[in-house]
Amino acid sequence: MLVPSLKEAKIRTNKEVLTKTKEYIIKENLKKLGVGKKYFVKTYGCQMNEHDSENIKAILEDMSYTSTDNIEEADLILLNTCAIRENAHNKVFGYLGKIKHLKEERPHIIAGICGCMAQEEVVVNEIMKKYKWVDIVFGTHNIYNLPNILNKSIEKKQQEIEVMSCEGNIIENIPVKRDSKYKAWINIMYGCDKFCTYCIVPYTRGKQRSRKKEFILEEVNNLVKDGYKEVTLLGQNVNAYGKDLKEDYRMENLLEDVAKTKIERIRFVTSHPWDFTDKMIEVIKNNKNIMPYIHLPLQSGSNRILKLMGRRYTKEDYLNLYYKLKKALPYSSITTDIIVGFPGETEQDFQETLDVVNECKYDGAFTFIFSKREGTPASKMVDNVSIEVKNERLQRLNKIINQYSKEANDKYLNKVVPVLIEDVSEKNNGTLMGYTDTMKLVNIVADKKYIGTIQNVKITDVKTWSMDGVIE
Ligand code: SAH
Ligand code: SF4
Ligand code: F3S
C-alpha cells in the first residue's frame, strides 16, 4: 500500500527527470487476467485525463479485458477522476453510490478510482475509511503499474492502493487505445510548476516535465501513417514546453517541427499567457497546418486579484498579448477561462474582468466559481464573498460571454470554412459533426462517407454554441 502525501506533492527539486522506455511490463500470467470480462471507464476532467484513459483502456486490453459502454454489464469499473473543483469531487462520490449498488447485486465487480482525486491525501483517507469496498486506487504516476495493482487486489481480495506523490518521471512505453480514428491527443509535457494559488494541479500531476522531441515527432509520424488528420499537443502550460530540457528546444521549435510532418491539423492547449513568445506567434502565422485557435486563460481582469492568484501577468500584459495575436492572426479565434468570486473579489475587481471581456469579445469561455482546494494557498485566504454574490456574478459574466460567442459566430454566416468531419452528430438527427479550423462546432447535413475527411463547408445558420452547414 502506498498512499498520497500532500507534503511530498508540494516538493520541487532539481532532480533529473528520467525518460523510461521499459517501465510498462505485463507479465505473461496477467495477459489473460481479463478473459471473458468487460471493463467500463468513466472519465472526468481535462484532455489530459481523457488521454490517460486511452492509456488505461489499452493496458486493460493487453490483459484481455474487452470494453463496454454499458456499466450494468461491466466486471471492472474505473473512475478516472478530476480534482479541479469541489463539484468534480461531488460528482465522483455521487457516482460511487451507484457502483456500490451494482456491486451489491454482482459482488465480483472490481471497482477502482484513479486520476487526480486519487492523488489527494484527504480523498484517499476518506476512501480507506468509508469506501472499503473500492478495490483499487492508483495515482497519475502509477498508471503503468495497473496490471500488478489489479492482480494484487484480486489475489489478496483486499483494497489495493498505489499512489506515488512525487515530482515524476516520463514513461514512454505505455500503450494507447485512441477514442478517435482521426484526431489524437499527444502529451508534450506533464505536470505544472506555476502554482497558481487556487489550483490543485501542481500537487496532483507533479513537476513540469517536457517529453523529448524524438518521442513526440515519432508519435505524430505514426499517427499520420495511421490516417490521422489532427493532433492536439497537450500540457498544462504548453508554451513553457522545453524550459526544463537540457537542450535549447522550445515550443516554437517543436511547433515548427510538428508542422513539417504531414499532419493536416495541429492544435495545442493550454497556453499560459506568461510563456507566449513572439517567435511562437510567428510560427503559428507561417504554418498553414497550425490551427488559428488559441485558448488563452485570463482568470481575472483585476491586477489585484491576478496578483493574489499568482498568475504572473497583469491585465495590461494580457491585453498586449491579445492584440499582438489578433494583429498577427486576424482570422483566429480566441477563447478563455475565467474564475469569479476569488477570495476578496470586490464588485470593482469583477467589473474589471467584465471590462476585459468587453474588450476581447471572446469566441467562447469556460467560466467558474472559485472553489477552495485543500492544500492550496488560496484555501487559506479569507473568503468574504457570499455564494449568492458569486452566483450572481457568474450569471452576469455568462450573459456577456454568450452574447460575444453568438456575435463571433454570426460572422461565419454564409462563409465557407474547412471542417474535419468526425462523426455522426450527438443529436442523432442524421447530421454529421465536426470542427472548423477555428474550433467552431458545425452540424452538417451530409453522407456518412465524409466522416474522417476535411471538407469545405458553407455555414447556413449560427447559434451561440454551434453552427449548421452544408458541404460546398
Ligand atoms: N493550466 C491551465 C488551466 C488548467 S485548469 C491554465 O493555467 O490556464 C482549467 C481551469 O480551471 C483554469 O483555467 C481555471 O479557470 C479553472 N480552475 C482551476 N482551479 C480552480 C479552482 N480552484 N476554482 C475554480 N476554478 C478553477
Ligand atoms: Fe493550475 Fe496555474 Fe498550473 Fe494552470 S498554470 S495548471 S491554473 S497551477
Ligand atoms: Fe482535473 Fe487533473 Fe485535469 S484536476 S482538470 S483532471 S489535471
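When a ligand or atom number is given, it counts from 1 through the structure's own listing order.
The ligand atoms of ligand 2 that sit less than 4.0 angstrom from a heavy atom of P202 are 8 (S). Close approach of ligand 1 to D337 is summarised as follows: ligand atoms under 4.0 Å from at least one heavy atom of the residue are 9 (C), 10 (C), 12 (C), 13 (O), 15 (O). Remark: ligand 1 atoms within the under-4.0 Å shell around heavy atoms of F370 are 23 (N), 24 (C). Close approach to Q299 involves these atoms of ligand 1, each under 4.0 Å from a residue heavy atom: 8 (O), 12 (C), 13 (O), 14 (C), 15 (O). When each atom of ligand 2 is checked for a heavy atom of Q236 under 4.0 Å away, the hits are 6 (S). In summary, the atoms of ligand 1 found under 4.0 Å from a heavy atom of Q236, numbered by their order in the structure, are 1 (N), 2 (C), 3 (C), 4 (C). Near V201, the atoms of ligand 2 lying under 4.0 angstrom from a non-hydrogen atom of the residue are 6 (S). Listed by atom number, the atoms of ligand 2 under 4.0 Å from H272 heavy atoms are 5 (S).
Residue C116 does not count as close to atom 3 (Fe) of ligand 3, with no N, O or S atom under 2.8 Å.
Evaluated by nearest non-hydrogen atom to atom 7 (S) of ligand 3, the leading choice among E50, Q236, M48, M117 is Q236.
The residue K372 has no part lying near ligand 1, judged by heavy-atom distances below 4.0 Å. Looking at I84 against ligand 1, both its backbone and its side chain come within 4.0 Å, counting heavy atoms. Under 4.0 Å from ligand 1, the heavy atoms of F368 that appear belong solely to its side chain. With a 4.0 Å heavy-atom cut-off, ligand 1 is reached by no atom of Q47. With a 4.0 Å heavy-atom cut-off, ligand 1 is reached by the side chain of P297 but not by its N, CA, C or O.
Aromatic rings from Y404 and Y362 are positioned such that their centres are separated by 6.0 Å or more. Less than 6.0 angstrom separates the ring centroid of F195 from the ring centroid of Y203.
Using a non-hydrogen distance threshold of 4.0 Å, E86 does not register as a contact of ligand 1.
Figure legend: cation-pi geometry between K42 and Y95, with NZ or CZ positioned under 6.0 Å from the six-membered ring centre and within 45° of its axis.
On a distance-only criterion, R373 and ligand 1 share no N/O pair closer than 3.5 Å.
For atom 25 (N) of ligand 1, the closest non-hydrogen atom on the protein side is R85 NH1, 3.4 Å. The protein non-hydrogen atom at the shortest distance from atom 24 (C) of ligand 1 is I369 O, 3.4 Å.
Nearest heavy-atom pair across T436 and R265 is C-NH2, 3.5 Å.
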| said: Does F276 form a ring pair (Phe, Tyr, Trp, His ring centres under 6.0 Å) with Y322? I'd like the steps, not just the answer. | reply: CA-CA 10 Å; F276 221 120; Y322 173 88; over 10 Å; no

